[in-house]
Engineer: 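Structure below; questions to follow.
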Amino acid sequence: DYNDFSWQNGGKQFVGVSIAFVTPMVFSMLAFKYVSVQTIVVFGQITTALTLAGEFAFFQRVAGHLVYGSVGMGILGGLIYATSASDYSFVGYFWSLVYAVSMAVNCLYIKKIFNQLPQMSNFEKTYYQNLEAIPFLLVLALPADQVVVGPRQRLVALEQVHDLRV
């Protein structure tokens, strides 16, 4: 059971949540232009470490020794991977780091907002986040050149994409 969307009863707070939800997607797409999936996964260890630090700093949550040990092992594994990574690119690593930081901010910010709205069910929170993310995702889904060209140019662009995949 859930209430209809209401701007006053949570909608305003979820604009930031939706931006925090979409932002890492943008940075991961930028990073993927330069580095492999494996490299992005390794940078995910930074996200985990930053989120753990943020949980302590902002929510006074202390994790157990096993959690700290596993995060440390993950970072050690990432450092070992970095010594043999064949896809090193400063720009790619920069965007990967920005992606990792934005994911941690996403996790911490969403937790903060969710904690401020205990009256909302988990379904409602997910509904608000996804509903308000749609405009941002639509902007990402529409390449700029597709917005300003006519139907014939779109058809040519689609044919070129198809040729690249064959």
Engineer: Just by modelled atom types, is the Ser121 backbone N or O under 3.5 Å from a matching donor or acceptor in the Glu124 side chain?
Structural biologist: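 Yes; at least one donor-acceptor contact below 3.5 Å.
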Engineer: Can you name the nearest heavy-atom pair linking Met120 to Lys125, along with the distance?
Structural biologist: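 Heavy-atom minimum between the residues: O-CE, 3.4 Å.
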Engineer: Does some side-chain heavy atom of Ile46 sit less than 4.5 Å from a side-chain heavy atom of Met103?
Structural biologist: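 Answer no - side chains too far apart.
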Engineer: Quick one: closest heavy-atom pair of Val67 and Ser70, and the distance?
Structural biologist: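 Closest approach of Val67 to Ser70, heavy atoms only: O-OG, 2.9 Å.
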Engineer: Considering all heavy atoms of both residues, which atom of Ala31 and which atom of Gly92 are nearest to each other, and what is their separation?
Structural biologist: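 Distance-wise, the nearest heavy atoms are CB-O, 4.2 Å.
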Engineer: Could you tell me whether the side chains of Ser36 and Thr39 share a donor-acceptor contact shorter than 3.5 Å?
Structural biologist: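 On atom types as modelled, these side chains qualify, holding a pair under 3.5 Å.
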Engineer: Do Leu117 and Gln119 touch side chain to side chain, with heavy atoms closer than 4.5 Å?
Structural biologist: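 Touching, per the 4.5 Å side-chain cut-off.
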Engineer: Look at the side chain of Glu132 and the backbone N and O of Val15, then say whether any donor-acceptor pair between them is shorter than 3.5 Å.
Structural biologist: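 Yes; judged by distance alone, with no hydrogens or angles, the pair exists.
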Engineer: Quick one: does Asn130's side chain get under 4.5 Å of Phe21's, heavy atoms only?
Structural biologist: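 They are in contact (side-chain heavy atoms under 4.5 Å apart), so the answer is yes.
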Engineer: Taking side chain as C-beta onward, heavy atoms only, is Val26 less than 4.5 Å from Leu30?
Structural biologist: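 Counting from C-beta outward, Val26 and Leu30 do come under 4.5 Å.
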Engineer: With a 4.5 Å heavy-atom cut-off, do Glu55 and Lys111 have their side chains touching?
Structural biologist: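 Contact flag for Glu55/Lys111 side chains = yes.
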Engineer: How about Met25 and Leu137: do any of their side-chain heavy atoms sit closer than 4.5 Å?
Structural biologist: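 With C-beta onward as the side chain, the pair touches.
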Engineer: Do Phe43 and Tyr99 have their ring centres less than 6.0 Å from each other?
Structural biologist: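 They do not qualify: ring centres at least 6.0 Å apart.
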Engineer: Let me check something: do Leu52 and Val41 share a hydrophobic cluster, defined by ILVMFWY side-chain heavy atoms less than 4.5 Å apart, either directly or through other members?
Structural biologist: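 Each belongs to a different hydrophobic cluster.
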Engineer: Mind checking whether Phe27 and Trp95 have parallel, tilted or perpendicular rings, split at 30° and 60°?
Structural biologist: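 Parallel: the ring planes of Phe27 and Trp95 meet at under 30°.
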Engineer: Hey, does Tyr109 have a side-chain heavy atom less than 4.5 Å from the side chain of Ile19?
Structural biologist: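 No, side chains not in contact.
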Engineer: So, do Lys112 and Leu108 sit near enough that their side-chain heavy atoms are less than 4.5 Å apart?
Structural biologist: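 Counting from C-beta outward, Lys112 and Leu108 never come under 4.5 Å.
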Engineer: Decide whether Leu97 and Leu76 are clustered together by the hydrophobic rule: side chain heavy atoms of Ile, Leu, Val, Met, Phe, Trp, Tyr closer than 4.5 Å, transitively.
Structural biologist: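 Hydrophobic grouping puts Leu97 apart from Leu76.
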Engineer: Transitively linked via ILVMFWY side-chain contacts under 4.5 Å: Ile75 with Tyr81?
Structural biologist: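 Each belongs to a different hydrophobic cluster.
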Engineer: Would you check if the side chain of Ser96 reaches a backbone N or O of Ile40 as a donor-acceptor pair within less than 3.5 Å?
Structural biologist: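 Such a contact is absent between Ser96 side chain and Ile40 backbone.
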